[in-house]
Amino acid sequence: MWLAQASQYRCWYCEAKSDRAPFDVDHFRPKLGVTVDGAVLLGHDGYYWLAYEWWNFRLSCQRCNRPEKDSSGVLHGKANEFPVRDEAHRCALPAAVLAAEEPMLLDPCVQADCELLAHGIDGEVKPLASEGTWDNQRARYTIDRLGLNWNTPETKKNSWRLLDDLIRLAGHQPAVVAHLQEHLSTDHEYSSFFRSAIGTHRDKAWVEALL
């Protein structure tokens with residue numbers, strides 16, 4: 001599948017490999033109807049005219065895409081959720097201008113959107129923009145809706161502990177450099193997290209050179 005090849009077989013939203021769950025082809029703008037905070041948006045039939053537009057496709061793991069409740073009963077999963085900043089600007093017809101919508105969900109195909117997420121060494125994804133801003137609201141919504149901090153933070157943190165020990169205790173050794181390069185590669189699961197975590201050692205010239 002060309003979508004999988006484009007992302008090195010990782011979910012476009014959370015960067016998980018396919019062993020987390022089989023991939024779905026998500027329509028960024030839902031094709032069969034829209035929900036906002038779980039409620040069906042009445043009078044909107046979905047972005048049906050985009051159903052076969054390749055640029056509306058996003059490769060997604062099932063956990064990011066399909067509705068599922070966590071242990072506390074919170075519902076995650078994109079499904080047909082697609083809130084926008086101002087409903088007055090929502091497109092409902094093919095002739096409408098999509099650029100006016102301002103989606104709340106961050107788009108993994110938009111670099112500026114990706115840069116609104118920060119990755120902590122605790123394994124959690126966090127909003128980068130200041131509290132109270134639209135960018136912060138979008139990032140927080142995306143993190144919560146897609147469940148980006150559900151289950152995976154501990155896995156990422158444990159992997160980072162090993163790399164951290166290698167950097168601090170082994171230092172600039174060929175095997176260590178190769179191991180870090182593997183985790184920094186764009187085909188590695190959660191490479192954005194590892195780039196951020198490894199960056200905490202950028203005071204070391206050899207680490208800075210890898211970044």
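Along the sequence shown, residues are numbered consecutively beginning with 1.
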Under the 3.5 angstrom rule, does the side chain of Asp24 hit a backbone N or O of Asp26 as a donor-acceptor pair? no
Pairwise distance CD(Glu131) to CD(Gln137) - rounded to 0.5 angstrom: 10.5 Å
Under 3.5 Å, which donor-acceptor pairs do the side chains of residues 167-183 form with other protein atoms, sequence neighbours left out?
from	atom 1	to	atom 2	distance (Å)
Arg168	NE	Asp164	OD2	3.3
Arg168	NH2	Asp165	OD1	2.5
His183	ND1	His179	O	2.9

Step by step, would you call Ser159 with Phe194 a side chain to side chain contact (heavy atoms under 4.5 Å, CB included)? CA-CA 9 Å; Ser159 297; Phe194 288 112; 3.7 Å; yes
Once side-chain hydrogen bond (donor to acceptor under 3.5 Å, both in side chains) is applied, do any residues pair with Lys69, and if so which ones, sequence neighbours excluded? none
Heavy-atom pair with the smallest gap, counting every atom of Ala139 and Leu117: CB-CD2, 3.9 Å
Pairs meeting criterion ring pair (Phe, Tyr, Trp, His ring centres under 6.0 Å) with involvement of residues 106-144, two or more places apart: none
If you apply the rule side chain to side chain contact (heavy atoms under 4.5 Å, CB included), what do you find for Arg90 with Val36, and how did you get there? CA-CA 12 Å; Arg90 183 183 293 278; Val36 176; 3.8 Å; yes
Check whether any side-chain heavy atom of Leu106 lies under 4.5 Å from a side-chain heavy atom of Tyr13, and answer yes or no. no
Distance from Lys156 atom NZ to Arg161 atom CZ, nearest 0.5 Å? 14.0 Å
Does the Arg10 side chain pair with the main chain of His188, one donor and one acceptor, at a distance under 3.5 Å? yes
Ile198 vs Leu210, test: side chain to side chain contact (heavy atoms under 4.5 Å, CB included). Steps then yes/no. CA-CA 9 Å; Ile198 293 169; Leu210 293 176; 5.7 Å; no
Give a yes or no on whether the backbone of Val125 and the side-chain of Asn149 come within a donor-acceptor separation of less than 3.5 Å. yes
What distance separates Asn65 CG from Asn80 CG, expressed to the nearest 0.5 Å? 9.0 Å
Flag for Asp187-Ser185: side-chain donor and acceptor within less than 3.5 Å: yes
The complete set of salt bridge (Lys or Arg N to Asp or Glu O under 4.0 Å) pairs with one or both residues in residues 45-60, sequence neighbours excluded, reads Arg58-Asp107
Using modelled atom types and a 3.5 Å cut-off, is there a donor and acceptor pairing between side-chain atoms of Glu189 and backbone atoms of Lys17? yes
Side-chain donor/acceptor of Glu15 to backbone N/O of Ser191, under 3.5 Å: yes
What distance separates Leu211 CG from Arg202 CZ, expressed to the nearest 0.5 Å? 5.0 Å
Are the side chain of Thr142 and the backbone N or O of Arg138 linked by a donor-acceptor pair below 3.5 Å? yes
Rounded to the nearest 0.5 Å, the CZ atom of Phe23 sits from the SG atom of Cys61 at a distance of 7.5 Å
If a pair satisfies ring pair (Phe, Tyr, Trp, His ring centres under 6.0 Å) and one of its residues is in residues 73-97, list it, with sequence neighbours excluded. Phe28-Phe82, Tyr47-Phe82, His76-Trp150
Donor-acceptor pair, His44 side chain versus Gly46 backbone, under 3.5 Å? yes
Side chain to side chain contact (heavy atoms under 4.5 Å, CB included) between Gln8 and Thr186: does it pass, once the steps are laid out? CA-CA 7 Å; Gln8 290 79 42; Thr186 55; 4.0 Å; yes
Sidechain-backbone polar pair: Ser196 side chain, Phe193 backbone, donor-acceptor under 3.5 Å: no
Listing request: all side chain to side chain donor-acceptor pair (under 3.5 Å) pairs with a residue in residues 30-41, at least two apart in sequence or in separate chains. Thr35-Glu81
Would one find more than 12 heavy atoms of other residues, nucleotides or ligands at under 6.0 Å from atom CD1 of Ile121? no
Atom CH2 of Trp54 with >12 non-hydrogen neighbours under 6.0 angstrom: no
